Number of protein chains: 2
Amino acid sequence: MDTPSHRRDVRADLIAAGLAILDERGFEAMTLRACAARAGVSHAAPAHHFEGLPGLRAAIAAEGFRRFTATILEERRKAGEDPRARLEAICEGYLRFARAQPGLFNLVFNLTFEHVSEGEVEEAGGAAYAVLAETCAPFAPLGDSEGSTEAFVWSLVHGRACLELAGRFDGTAAPPPMATMLAGLRLRA
Amino acid sequence: MDTPSHRRDVRADLIAAGLAILDERGFEAMTLRACAARAGVSHAAPAHHFEGLPGLRAAIAAEGFRRFTATILEERRKAGEDPRARLEAICEGYLRFARAQPGLFNLVFNLTFEHVSEGEVEEAGGAAYAVLAETCAPFAPLGDSEGSTEAFVWSLVHGRACLELAGRFDGTAAPPPMATMLAGLRLRA
DNA sequence: CGGCTGAAGTTGACAGTGTCAAGTTGATGT
DNA sequence: ACATCAACTTGACACTGTCAACTTCAGCCG
């Protein structure tokens, strides 16, 4: 017997449903009605929790960001104390997250959320960015501007992930490992 | 009086319609029916030229790649003969293309085209990649593997473009200029 | 305890979408 | 003139997002 919908967290169930559908069937299959059906509610139930499909996507993106942040924190923890090893570890974690869950990855990193309050996404994104900034802190900035190292590393690993997911590296020389591409970074004096 | 549909190139008209809609109204507004209406044909006409919506998207992506290639060739030409200036010029052209036409940019670079023959997209993509590879040829490879420089540069500029378009740099330190991020590249001996 | 209120579901409808099937039209070849 | 074929058209169907109106249940107040 299904739990009556008023006795449970429908919002959380819809987000969980969206994550499952993204993982199993990809971005285009993640529709409002598919999420509602998977969560066991009517097609109009999401309207009470989200600002339409864009709102649901934003909520899923925020959750995805949180999961991503947990992933790269764990990778960094396992890498020990060497700053370069830690930075390489979060980059590898980034790539692994993208490969394991391409649909969620695109939702988290490549969609804009116009006309929707992005507070939750921005907050989750800020937490992920803080991890990156902390991990880059031991390195000298590029061109003497603060924040440049993390922008550089993030651009590099994100581009690497997107192009790979889209199959744009197919038929070209395989990109070198992240360690090689990061080799030019110098530690602070 | 409209040109009868049998007297003109419906395929090309549909692609042009798709490009216009992407530019004016964005990715989600670019539907089969919107393209057909804009091209002045019935909603089922595209089925005779493309393998459904994915096929139309792939054809538009191929055309977008060609336009992109023309853009960066022209930027490189204008930059003169200095290898570093030329590389920076195509990276700036990349960013400008992305900012000017985000919908087309995402279609060209970030979508996969499963279940659709990608020959045209791959061919067009190969031409763009060849320009990048030529422009990187004067630089020493990273970690001694051929093809590494262009993979590095492409990852960097593509990530930079995607994160900016998605608004993920908002609230963070602005990324440094491409010239700064590419400064670590060394010319071949 | 009964009534009221509000949150949060539901059902149903509508417009837009992608795709498919069947019919139509016009050009081409014999 | 007739047959054939390519390429369009019309119409239908299932799925989609969104909206409106209704229903249900929990909580509050008198």
Side-chain angles (χ1 to χ4, degrees), chain A residues 1-22 24-61 103 106-107 111-117, chain B residues 1-22 24-61 103 106-107 111-117:
Chain A
M1 180 189 290
D2 288 342
T3 309
S5 56
H6 62 273
R7 283 200 195 142
R8 62 181 202 224
D9 193 342
V10 168
R11 185 181 198 276
D13 287 349
L14 286 164
I15 292 172
L19 288 163
I21 293 167
L22 269 174
E24 294 163 17
R25 297 160 55 205
F27 180 78
E28 302 247 341
M30 203 213 76
T31 65
L32 265 183
R33 292 192 187 221
C35 292
R38 183 70 168 255
V41 293
S42 72
H43 59 272
H48 294 274
H49 300 278
F50 308 103
E51 293 167 71
L53 180 60
L56 175 59
R57 284 175 172 167
I60 294 171
N106 273 311
L107 186 67
L111 283 188
T112 56
F113 298 103
E114 294 166 33
H115 319 307
V116 164
S117 168
Chain B
M1 179 188 293
D2 289 341
T3 308
S5 56
H6 62 273
R7 281 200 195 144
R8 60 179 202 222
D9 193 343
V10 167
R11 185 179 198 276
D13 287 350
L14 286 164
I15 292 171
L19 287 163
I21 293 167
L22 269 174
E24 294 162 17
R25 296 159 54 204
F27 180 78
E28 304 249 337
M30 202 213 76
T31 67
L32 265 182
R33 290 190 189 223
C35 292
R38 184 68 168 256
V41 293
S42 73
H43 59 273
H48 295 274
H49 300 278
F50 308 104
E51 292 167 69
L53 180 59
L56 174 58
R57 283 176 173 167
I60 294 171
N106 272 311
L107 185 67
L111 282 191
T112 57
F113 299 103
E114 297 167 31
H115 318 307
V116 164
S117 169

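A quick note: this is a predicted structure, and the numbers were derived from the prediction, not measured. Just so we're on the same page: letters track the sequence lines, and every chain starts at 1.
Distance, B/Phe50 CZ to C/dG18 P: 13 Å, rounded to whole Å. Atom CD in A/Glu28 sits about 11 Å away from atom C1' in C/dG18, given to the nearest Å. The interatomic distance linking B/Leu56 (CG) with C/dT19 (P) rounds to 10 Å, in whole Å. The distance between atom CZ of B/Arg25 and atom C1' of C/dT17, rounded to the nearest whole Å, is 13 Å. Atom CE of A/Met30 is separated from atom P of D/dC15 by 18 Å (rounded to the nearest Å). The distance between atom CG of B/Leu32 and atom P of D/dT9, rounded to the nearest whole Å, is 13 Å. Going from atom CZ of A/Arg8 over to atom P of C/dA8 covers 14 Å, rounded to whole Å. Put simply, CG on B/Leu14 is 12 Å from C1' on D/dC8, counting in whole angstrom units.
For B/Ala37, there are no side-chain contact (heavy atoms from CB on, under 4.5 Å) partners at least two apart in sequence or on another chain. Residues forming a side-chain contact (heavy atoms from CB on, under 4.5 Å) with A/Leu32 (at least two apart in sequence, or on another chain): A/Pro46, A/Leu53, A/Leu56. When the salt bridge (Lys or Arg N to Asp or Glu O under 4.0 Å) test is applied to B/Arg25, no partner is found at least two apart in sequence or on another chain. Legend: residues meeting side-chain contact (heavy atoms from CB on, under 4.5 Å) with B/Arg33, ordered by chain and number and at least two apart, are B/Thr31, B/His43. The side-chain contact (heavy atoms from CB on, under 4.5 Å) check on A/Ala20 picks up A/Glu24, A/Arg38, with sequence neighbours excluded.
Each of D/dG17, C/dT17, D/dC8 was ranked by its minimum atom distance to the side chain of A/Leu53; first place goes to D/dG17. Of the listed nucleotides (D/dG17, C/dG18, C/dA8), C/dG18 has the atom at the smallest distance from the side chain of B/Arg33. Across C/dG9, D/dG17, D/dT9, the shortest atom-to-atom separation from the side chain of A/Ala45 is found for C/dG9.
Looking at heavy atoms from C-beta onward, B/Thr112 lies out of side-chain contact with A/Phe27 at the 4.5 angstrom threshold. The closest side-chain heavy-atom distance from A/Asp13 to A/Arg11 is not below 4.5 Å.
Between B/Thr31 and C/dT17, a side-chain N or O to OP1/OP2 separation shorter than 4.0 Å is present.
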What's touching nucleotides 20-22 of chain C from the protein side, N or O pairs under 3.5 Å?
none

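Each of B/Arg11 and A/Gly52 was matched to the nucleotide of DNA chain D holding its nearest heavy atom; the match closer to the 5' end belongs to B/Arg11.
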